[in-house]
K.L.:
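Just dropping this structure here.
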Amino acid sequence: MSIKRKKGTVNKMKKREIIIFLLVIALISTPFIYIKTTLISLENKVYNYLVMEKGMENSSISSIKGLFGKAPLFAVEVVFTDESDVRYFYREIESGEIIQIGSSLKPEGYRYKHMES
């Protein structure tokens with residue numbers, strides 16, 4: 001004895017499975033997309049801050065890298081070409097202002113070239 005199914009029933013089940021699969025993928029990928037876009041945006045804001053507000057040349061910036069962590073949740077690490085062994089860290093505060101929050105540690109008495117007060 002064979003079971004007869006309507007032809008449309010199988011197509012509806014497959015469509016439902018595809019929709020559920022796509023929803024699961026969207027839910028899983030959303031946090032990763034949010035983090036990546038936030039980091040890229042913050043990297044651009046820090047770059048603009050250094051070039052436009054601080055008057056630095058593009059060539060004086062060796063690298064800018066967004067970081068995702070605990071506190072602050074989002075920060076940017078900047079390395080300057082004339083001080084390649086020091087990393088400076090920046091973040092955006094609630095007002096939208098970019099501030100320097102610190103640097104990598106060097107021996108006591110070291111004179112940082114790009115430390116903001």
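Numbers for residues simply follow the sequence, beginning at 1. Atom set for the values below is all heavy atoms of this structure, side chains included, hydrogens, waters and symmetry mates excluded.
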K.L.:
Once you round to the nearest 0.5 Å, how far does CG of Leu23 lie from CD1 of Ile18?
P.N.:
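The CD1 atom of Ile18 is 12.0 Å from CG of Leu23, to the nearest 0.5 Å.
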K.L.:
Kindly give the heavy-atom pair with the smallest separation between His114 and Gln100, and that separation in Å.
P.N.:
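Smallest interatomic distance, heavy atoms only, reads O-NE2, 3.1 Å.
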K.L.:
Heavy atoms only: give me the nearest Tyr34-Thr37 pair and the separation to one decimal.
P.N.:
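Nearest pair, atom of Tyr34 first, then Thr37: O-OG1, 3.0 Å.
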K.L.:
Do the side chains of Tyr47 and Val78 get nearer than 4.5 Å, heavy atoms only?
P.N.:
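No - every pair of side-chain heavy atoms lies 4.5 Å or more apart.
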K.L.:
Can you list every salt bridge (Lys or Arg N to Asp or Glu O under 4.0 Å) pair that touches residues 43-65, not counting sequence neighbours?
P.N.:
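Found Lys45-Glu92.
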K.L.:
If every non-hydrogen atom of Ala75 is compared with every non-hydrogen atom of Leu39, which pair is closest and at what distance?
P.N.:
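Answer, listing the atom of Ala75 first, then Leu39: O-CD2, 4.4 Å.
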K.L.:
Before you tell me yes or no, could you show the steps for Ile61 and Phe80 under side chain to side chain contact (heavy atoms under 4.5 Å, CB included), namely the whole-Å CA-CA distance, both residues' side-chain angles and the distance that decides it to 0.1 Å?
P.N.:
CA-CA 5 Å; Ile61 301 169; Phe80 297 98; 4.3 Å; yes
K.L.:
Could you state whether Ile19 and Leu27 fall into the same hydrophobic cluster, counting links through intermediate Ile, Leu, Val, Met, Phe, Trp or Tyr residues with side-chain heavy atoms under 4.5 angstrom apart?
P.N.:
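Unlinked, Ile19 and Leu27 end up in two clusters.
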K.L.:
Between Ile98 and Arg91, is the side chain to side chain contact (heavy atoms under 4.5 Å, CB included) condition met? List the steps.
P.N.:
CA-CA 6 Å; Ile98 300 296; Arg91 69 173 286 228; over 6 Å; no
K.L.:
How far does CG of Leu42 sit from CG of Leu67, to the nearest 0.5 angstrom?
P.N.:
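Between Leu42 CG and Leu67 CG, I get 9.0 Å after rounding to 0.5 Å.
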K.L.:
Is there a path of hydrophobic side-chain contacts, each under 4.5 Å between heavy atoms, that joins Ile93 and Ile101?
P.N.:
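Yes, Ile93 connects to Ile101 through the hydrophobic network.
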K.L.:
Please determine whether residues Val86 and Val76 belong to a single hydrophobic cluster, defined as Ile, Leu, Val, Met, Phe, Trp and Tyr linked transitively by side-chain heavy-atom distances below 4.5 Å.
P.N.:
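In one cluster with Val86: Val76, yes.
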K.L.:
Side-chain heavy atoms under 4.5 angstrom apart, residues restricted to Ile, Leu, Val, Met, Phe, Trp, Tyr: same cluster for Val79 and Ile40?
P.N.:
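No, because Val79 and Ile40 fall into different hydrophobic clusters, even though each may have its own neighbours under 4.5 Å.
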K.L.:
Compare every heavy atom of Ser104 with every heavy atom of Phe89, then report the nearest pair and how far apart it is.
P.N.:
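Heavy-atom minimum between the residues: CE1-N, 3.9 Å.
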K.L.:
Are the side chain of Ser60 and the backbone of Met56 linked by a donor-acceptor contact shorter than 3.5 Å?
P.N.:
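Not confirmed, Ser60 side chain does not pair with Met56 backbone.
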K.L.:
Less than 4.0 Å between a side-chain N and a carboxylate O, is that true for Arg87 and Glu77?
P.N.:
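The answer is yes: the pair qualifies as a salt bridge.
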K.L.:
Between atom CD1 of Ile64 and atom CG of Asn44, what is the distance when rounded to the nearest 0.5 Å?
P.N.:
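The CG atom of Asn44 is 8.5 Å from CD1 of Ile64, to the nearest 0.5 Å.
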K.L.:
If you group Ile, Leu, Val, Met, Phe, Trp and Tyr by side-chain heavy-atom gaps below 4.5 Å, do Ile28 and Leu22 land in one group?
P.N.:
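In one cluster: no.
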K.L.:
When the aromatic ring centroids of Tyr90 and Tyr88 are compared, is their separation below 6.0 Å?
P.N.:
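Ring centres of Tyr88 and Tyr90 not closer than 6.0 Å.
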K.L.:
What are the two closest heavy atoms between Glu83 and Tyr110, and how far apart are they?
P.N.:
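Heavy atoms of Glu83 and Tyr110 come nearest at OE2-OH, 2.8 Å.
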K.L.:
Within the 3.5 Å criterion, strictly below it, is a donor on Glu97 or Tyr49 matched to an acceptor on the partner's side chain?
P.N.:
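Per modelled atom types, Glu97 and Tyr49 side chains form no pair under 3.5 Å.
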